[in-house]
K.L.:
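Provided herewith is a single structure, encoded as structure tokens, for subsequent inquiry.
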Amino acid sequence: MQTTLDTSKDAAYEGGITPDTSTEFGAKYLTFSLAGEDYGLEILKVREIIGIMDITKVPQTPDFVRGVVNLRGRVIPVIDLRSKFGLADAQYNDQTCVIVVDIGVLMGVIVDTVQEVHNIPATEIEEPPRLGASVDTTFILGMGKVNGRVKILLDIDRVLTSEELVQLEAVADR
Amino acid sequence: MNKETNNAFSAQTCVEKLSKLSNGIDESDLPGLAMMHEVCAELVDAGDTVVSTDGLGVARDLVKSLEALILGQIDDAGAAIHGLHESISKLTSLVAPFSSEPEEALDQDTQIDESVAAKMDRIFEDEEPQQDQEPSQEVAIDVPETVCEATEDKPAPNDPASEPSPSQPPYVAEPLMISDEEVEMVAGFVEEASEHIDAIEAAVLEVERAPEDTEAIDSLFRPFHTIKGAAGFLNMRDIVSLTHEAETLLDQARKGSRKVTPGLIDLVFEVVDILKVQFEGIRNHLANPTDQAVPQPPIENMIANLRDVVAGRIEPIGDLPATGDADKKTGENLVEQGAVPQEVVDFAVDKQGSEPEAKKVGETLIDMGVATPKQISQAIRPQSKSTSKTSGKTGTSGADQSVRIDTAKLDALVDMVGELVIAQTQVSSNPQVSIDTKLTKDVTQATKIVRDVQDAAMAMRMIPIGPTFQKMARLVRDVARKVGKNVDLTISGEDTELDKNVIQQIGDPLVHMVRNAVDHGIESADTRRTVGKPGSGSVALSAYHSGGNIVIEVADDGKGLDAKVLIKKGIEKGIVQPEEQLTDEQAYNLIFAPGFSTAETVTGVSGRGVGMDVVRRNIENLRGKCDINSTLGKGSTFSIRLPLTLAIIDGMVFRVGTERFIIQTVTVEKALRPEPQQITTVQHKGAVLNVRGRLIPLVPLGPLFNLGKPIEPCEAMVVIAQYAGGEIGLVVDELLGQQQVVIKSLGERFQNLRGISGAAILGDGRVGLILDVSGIAAAYDMSRLSTVRAPSVNKMTPLDRHSNITDSHDRKDPVVKNEMTMSPA
């Protein structure tokens, strides 16, 4: 049930260059896709990558909280990043992954596909652009350029702690 | 002369100890070095009445070099150790002749001493460059002065016969600073010390019971000594001085030169109380470190008092320094003594009321820093007799057979074992297994081992309840004294083991119940005699296994609970309606209501009505139950029924929609498929189930948790679950069975969930949520908790909303969540 996808192994061992720590955000990033967009999150935050598994729903939680799963004896919350970013829900398939991140506590993040690990030096990272009021750029560390493509580098701590998981009041206001 | 021989003898023992300790010592053996240091320091403390001036010089140097060794300041440790051995053998030869032929020995001493001093100097050259300028003789010359200072500074010699030196300066406290490097050591010490304090308390009670038993005094001596040693090592001068004085006093008792009187016992308890405050201060400091000195209670008076007692100037009689009155509260006495203004006491009493664990006024005052433990102890000094029988041993034995393990590691082990069991179950249920007989046999064997491993892992968290009971012995004694009653405490089943977490959390409720038993339960001696009971009351604490649970009982042979009086009080307080008919049991349960007190007057001990409701809450937090049995005039028994462990519950698993939930089996009264005539709908919106005349509100779990449409109860199952406020019927799709589950926390991100107390990993590896019945009731029915009364139409209003959402069942429906927001969070 908790099959570790091969992609994770490949991802973890690829690109063995020492991370460029001279600048603020230059580091290794795990990239993944979400509704056709490429995202990245700091590899140091990633604990492991697992395939999608049975998720137990938890009542009184916002939509993006899909529930909890059993990670080898530990019960951890799982959130759907599509739902969190207000993207259309997608059917889970064998490409769907749960990236387990360590932000002080372990949390699972559901993404469409995990791609690879890139070493992105600070020189290749740009400030988050102006995106209008509809996009919350506080979640974005910067825009990383890799082989001519642009990856949106996420501040995963902010993404996961910006909202309470148990939302009694906020739901009512919708 | 007689005195001299005595002293020489003790010096000899010191030196003997030293040489024993120095056997095979090396620089890495810090405890050994610390002990040597202590012995040497004792020798130096004893001063030149014990050894010759030169011997003292050697001893002082020894102390210095030991210090340097312990602190790791010496580069060439080997040489230093060698130097130590040499010094000790010199000391041996110095001390031995001193007792027999002191005059002759002296010459010889000087020579030896010089060589030793030179040796020492060489060792010290490395780390103290200034010192090597001094000629070696000067060390020897310097010694007498320094020693004099040291003796003045330090407490009087142990010999009770020695004249109290009137010139002995009063003790001056020193601010205690804890440096960053020491923090870890200090933390360890404080933790350890509280165990020693428990041991001391148990031993003191033992000594009080059998004053002639020198073995008991010995066992009292040991923890004091250990605290002193470690505190000395960490430079906690206040604690060292205090324990030293107490030790001196106890030494007199041990040697038989002082009788063990109640006054002496009280004095030792006072010392223990001050120590507790000292450790509390250090603990607080460690929790919130500042650059300031650690706040420590003033101990000058206590030291002076102890010294006076040791010197025989005063008797350790309890009421000597006291001005208290038995019938008055601590606070009042303090005000009378002028120690604390009335307003402060009032504030402390308020504060006390608001704190869940209901400290004594005295403790609160000490915490606030407005009164010293000394003043408090004087205020609570009223005389009464109390004896406590504890059948337990003083519990120091077997300590070396245990290992301290971080509970997080244990939890990780338990988690992993849980996973192992699941994995094992999956393997053994694999159809391939049954095909191959050899494989079947092997898997069965592995399953058996896995179960054993699980049991063993679970057992690791279990500790005996004995020490907790021992603490109650002190409490009974104190409370009995305070309220002027005679109370015997009997303890049984102290070997019964409980989960460590349970033990930690059961302490406070137990304190309340024991305090209540002594204060409210037991009558005064006069009243007891008039009703034909023995003058001294008895409180029995016991623990035993019963059907997968642990039962802890607090029984007293006092006046018992009067149901009529309770009901009358209940009506006064508006908790009970006058027309209500309560059974005795229901009446007894009234004492758990907040603000309910049976005491006619509020005393310093109890009766404020804060307590039993907290007790009940604490016990429920431990997933336990509290029952009361009482016979008017004969006494009451409070039984706390607790699960063996907090980690595992017996659960009933059922399905709601696609999800599985677990409910604790003890809370389930019954599960049934109702007949249509048992159900009464209200405005076709809410429903109650009639079970033998009781009307039980039905809670449709699916809609409540947004997991599906409301289902027809008659086609589903109703689980009738009990909670503190009554009972509710949970409408569920299907019952799946009963099993033991390991409770997992959902983590703090989910801590506000209402109605869900945790999660468990079920047999197939998926997560099931554990229900919290009172949480569900609160989520469902926010207006008030239901009582034993039949629910009224009014109460069913929340159901209105549920029936409105009959056909909107997808996750995004906000209506049900809307309802949750109305709860009084």
K.L.:
So how far is it from A:Asn70 CG to B:Leu762 CG, rounded to the nearest 0.5 Å?
P.N.:
9.5 Å
K.L.:
Please name the pair of heavy atoms, one in B:Val767 and one in A:Thr56, separated by the smallest distance, quoted to 0.1 Å.
P.N.:
O-OG1, 2.5 Å
K.L.:
Is A:Val69 in contact with chain B via its backbone, its side chain, both, or neither, using a 4.5 Å heavy-atom distance?
P.N.:
backbone
K.L.:
Hey, could you give me the CZ/CD1 distance between A:Arg74 and B:Ile761, rounded to the nearest 0.5 Å?
P.N.:
11.0 Å
K.L.:
Measure distances from B:Ser745 to the heavy atoms of chain A and classify the residue's part below 4.5 Å as side chain, backbone, both or neither.
P.N.:
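Backbone of B:Ser745 only, per the 4.5 Å heavy-atom cut-off to chain A.
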K.L.:
Quick check for you: to the nearest 0.5 Å, what is the distance between B:Asn706 atom CG and A:Lys57 atom NZ?
P.N.:
8.5 Å
K.L.:
Please report the closest heavy-atom contact between A:Val75 and B:Lys744, naming both atoms and the distance.
P.N.:
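Closest approach of A:Val75 to B:Lys744, heavy atoms only: CG2-CB, 3.6 Å.
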K.L.:
Using side-chain heavy atoms (C-beta onward) and a distance below 4.5 Å, is A:Pro59 in contact with B:Ile756?
P.N.:
yes
K.L.:
Does atom NZ (A:Lys145) have a neighbourhood of more than 12 heavy atoms from anything else shown, all under 6.0 Å?
P.N.:
yes
K.L.:
Report the residues that fulfil ring pair (Phe, Tyr, Trp, His ring centres under 6.0 Å) with A:Phe85, sequence neighbours left out, ordered by chain and then residue number.
P.N.:
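Listed in chain order: A:Tyr39.
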K.L.:
Once you round to the nearest 0.5 Å, how far does CZ of B:Arg749 lie from CD1 of A:Ile76?
P.N.:
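One finds 12.5 Å between CZ of B:Arg749 and CD1 of A:Ile76.
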K.L.:
Assess whether atom CZ of B:Arg655 is packed by more than 12 heavy atoms of other residues, nucleotides or ligands within 6.0 Å.
P.N.:
yes
